[in-house]
Every structure is written in structure tokens, then in C-alpha cells.
Amino acid sequence: MMPALCRAAEHGEHHARLAGMEGEWHCQCEFWQDPDTPPMVGEGKSVSKWVLGGRIMKSEFATDMMGAPFHGIGYVGYDNVKE
């Protein structure tokens with residue numbers, strides 16, 4: 001069982017493709033409350049970094065939406081087992 005777990009946790013070419021996401025990004029955002037109206041436009045900041053031993057990319061995003069702070073978190077990874 002241990003060899004299978006080690007293979008599942010290996011870093012590979014798919015993880016290397018995620019490396020371009022790493023860093024601090026200035027974002028221009030568009031939000032729609034209604035598809036028939038123009039979007040609200042704003043700016044935000046996203047910071048992406050490796051977590052869990054470099055197997056998952058975590059992104060944290062922050063902006064203001066309708067005068068209130070908005071924060072979001074996302075995770076992106078690659079499943080070696082399921083491909």
C-alpha cells in the first residue's frame with residue numbers, strides 16, 4: 001500500500017503546469033447582478049502559493065463588491081490517481 005500512496009503524492013508534469021499561477025496578481029473584475037444590465041467593474045488582488053507539500057495551489061482573492069469587502073479562497077491541484 002505504501003508504494004501506491006507514494007506514487008499518488010508524486011510531483012509531476014501536471015503540477016509543473018500549475019506553477020505559472022504562483023505569485024501576486026492585480027485583477028480587474030466584472031460582476032453582474034442581472035445579465036441584462038452592464039457589469040460593475042472593480043479591482044482586486046489575488047495571491048497564489050503552493051500548500052500541502054507543493055501538491056495544491058491555494059489562491060486567496062480580495063476586492064470590494066458594492067462597497068463591502070469580498071474575500072474568496074480557491075484550491076487547484078492534480079489527482080495522479082484519477083488523472
Side-chain angles (χ1 to χ4, degrees):
M1 184 167 171
M2 194 60 178
L5 289 173
C6 290
R7 279 193 305 279
E10 287 178 350
H11 296 145
E13 67 177 274
H14 300 289
H15 292 90
R17 290 181 185 173
L18 297 175
M21 295 174 57
E22 186 174 24
E24 188 172 307
W25 304 88
H26 174 81
C27 306
Q28 185 172 350
C29 314
E30 295 181 347
F31 303 98
W32 283 265
Q33 286 186 307
D34 181 325
D36 296 327
T37 62
M40 295 177 282
V41 179
E43 296 183 2
K45 176 181 162 183
S46 179
V47 178
S48 299
K49 62 183 178 179
W50 288 109
V51 296
L52 301 174
R55 289 184 295 276
I56 304 290
M57 183 69 68
K58 176 184 178 184
S59 297
E60 295 189 54
F61 176 75
T63 189
D64 285 328
M65 186 185 311
M66 298 187 298
F70 173 85
H71 299 276
I73 298 174
Y75 295 89
V76 177
Y78 180 77
D79 186 332
N80 289 325
V81 176
K82 294 182 180 179
E83 297 184 351

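Residue indices begin at 1 and follow the sequence shown.
A donor-acceptor pair is defined here as one N or O able to donate and one able to accept, closer than 3.5 Å; no such pair exists between the side chain of S46 and the backbone of F61. The closest donor-acceptor contact from the side chain of R17 to the backbone of H14 lies at 3.5 Å or more, if one exists at all.
Between E43 atom CD and D64 atom CG the span is 11.0 Å, to the nearest 0.5 Å. Rounded to the nearest 0.5 Å, atoms SG (C29) and CE (M65) are 8.0 Å apart.
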Report task. Show the numbers, then the answer: is there a side chain to side chain contact (heavy atoms under 4.5 Å, CB included) between Q33 and M66? Result -> CA-CA 10 Å; Q33 286 186 307; M66 298 187 298; 3.0 Å; yes
Query raised in the report: Is there a side chain to side chain contact (heavy atoms under 4.5 Å, CB included) between V41 and Q28 once you walk through the steps?
Result: CA-CA 7 Å; V41 179; Q28 185 172 350; 3.9 Å; yes
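Using a 4.0 Å cut-off between charged side-chain N and carboxylate O, K49 and E22 make no salt bridge.
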Side-chain donor-acceptor pairs of residues 69-79 under 3.5 Å, sequence neighbours excluded:
| residue | atom | partner | partner atom | Å |
| --- | --- | --- | --- | --- |
| D79 | OD1 | V81 | N | 2.8 |
| D79 | OD1 | K82 | N | 3.0 |

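Between S48 and M21 the shortest heavy-atom distance is CB-O, 3.1 Å. Pairing each heavy atom of T37 with each of W32, the nearest pair is O-CD1, 3.5 Å.
At a threshold of 4.5 Å between non-hydrogen side-chain atoms, the residues K45 and E24 count as touching.
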